[in-house]
Amino acid sequence: ISPTKMLEETPQLSATDNLAGRSTIGLQLWLWVAVLFTFWQIVLGTQVREQVDVVSAVAGYLNRDTWVAQLGSTFSIHRTVSALVLLLNIYVGYELWQLAQPRLRRLVMVTMGTLGLEILAGIILASFALPAVVQPVHLTLATLLFGVQFLTLLAVSRMRKTPQTIVLTGAAPRVVA
């Protein structure tokens, strides 16, 4: 097939398809930022947990209600970054919702629900003397949030690869086993 023939057979994108393609590229960037901030937040949470271990050992595992007050700046940074993670996810969720794709909307709802529970668990930990039962819940929700964000990233990437956005090359399709 000649290059001219390939161009003739290439599906033409409408203005809205082209705009959606461009906006999903920017959206993918924001999704990556949200995923990276969530990962950073998990790392900070690990450092906070290490500080809790040190503070609790120094206190002889007594006076649990004073431990949070004795944590260093890493706890303050962890709390502040949680607000950034929330704002990033609200923005990304809003943009994803505008695409009106049912799968993406479900992922947005799961992300927001997980994030809400995650922040609630963090508030309970900070306000109620680090209840032991909430600690694994907080970590599990953080891991789940990271996974849902990554699934969303994959879904947006896959959405961009529709038959209208794939340029035909004329090459025979390969079967990969």
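To the nearest 0.5 Å, the span separating CG on L115 from CG on L141 amounts to 10.0 Å. For the atom pair E118 CD and I123 CD1, the distance stands at 10.5 Å (nearest 0.5 Å). R49 CZ to L71 CG: the interatomic distance, rounded to the nearest 0.5 Å, is 10.5 Å. Note that the CD1 atom of I124 and the CG atom of L130 stand 12.0 Å from one another [nearest 0.5 Å]. Rounding to the nearest 0.5 angstrom, the gap separating the CD atom in Q41 from the CG atom in L86 is 11.0 Å. For the atom pair NE2 (H138) and OG1 (T143), the distance works out to 10.0 Å, reported to the nearest 0.5 Å.
Side-chain contact between Q51 and V54 is absent, with no heavy-atom pair separated by less than 4.5 Å.
The hydrophobic cluster containing V81 also contains V33, counting ILVMFWY residues as joined when their side-chain heavy atoms lie under 4.5 angstrom apart, directly or transitively. By the criterion of side-chain heavy atoms lying less than 4.5 angstrom apart, applied directly or through intervening Ile, Leu, Val, Met, Phe, Trp or Tyr residues, L88 is grouped together with M109 in one hydrophobic cluster. Both F150 and V108 are members of a single hydrophobic cluster when ILVMFWY side chains are connected at heavy-atom separations under 4.5 Å. Linking Ile, Leu, Val, Met, Phe, Trp and Tyr whenever their side-chain heavy atoms come within less than 4.5 Å leaves L87 and V148 in two separate clusters. The hydrophobic clustering, which links ILVMFWY residues whose side-chain heavy atoms are closer than 4.5 Å, places F128 and V68 together.
The two residues T111 and L145 make their nearest non-hydrogen contact at CG2-CD1, 3.8 Å. Listed here is the closest heavy atom pair of F146 and V35: CE1-CG1, 3.5 Å. Across all non-hydrogen atoms, the minimal contact from V133 to P136 is O-CD, 3.5 Å. When all heavy atoms of D65 and A129 are compared, the closest pair comes out as CA-CB, 3.7 Å. Across H78 and L44, no two heavy atoms sit closer than the pair ND1-CB, 3.7 Å. For L104 against A155, the heavy-atom pair with the smallest separation is CD2-CB, 3.7 Å.
Below 30°, between 30° and 60°, or above 60°: for W40 and F37 the angle between ring planes is above 60°, a perpendicular geometry.
Side-chain atoms of T66 and Q70 form a donor-acceptor pair, as typed in the model, at a separation below 3.5 Å.
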Which pairs would a plain distance check flag for residues 89-103, meaning a side-chain donor or acceptor within less than 3.5 Å of a matching protein atom at least two apart in sequence or in another chain?
residue	atom	partner	partner atom	Å
N89	OD1	Q149	NE2	3.0
N89	ND2	V85	O	2.8

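The closest donor-acceptor contact from the side chain of S157 to the backbone of L153 lies at 3.5 Å or more, if one exists at all.
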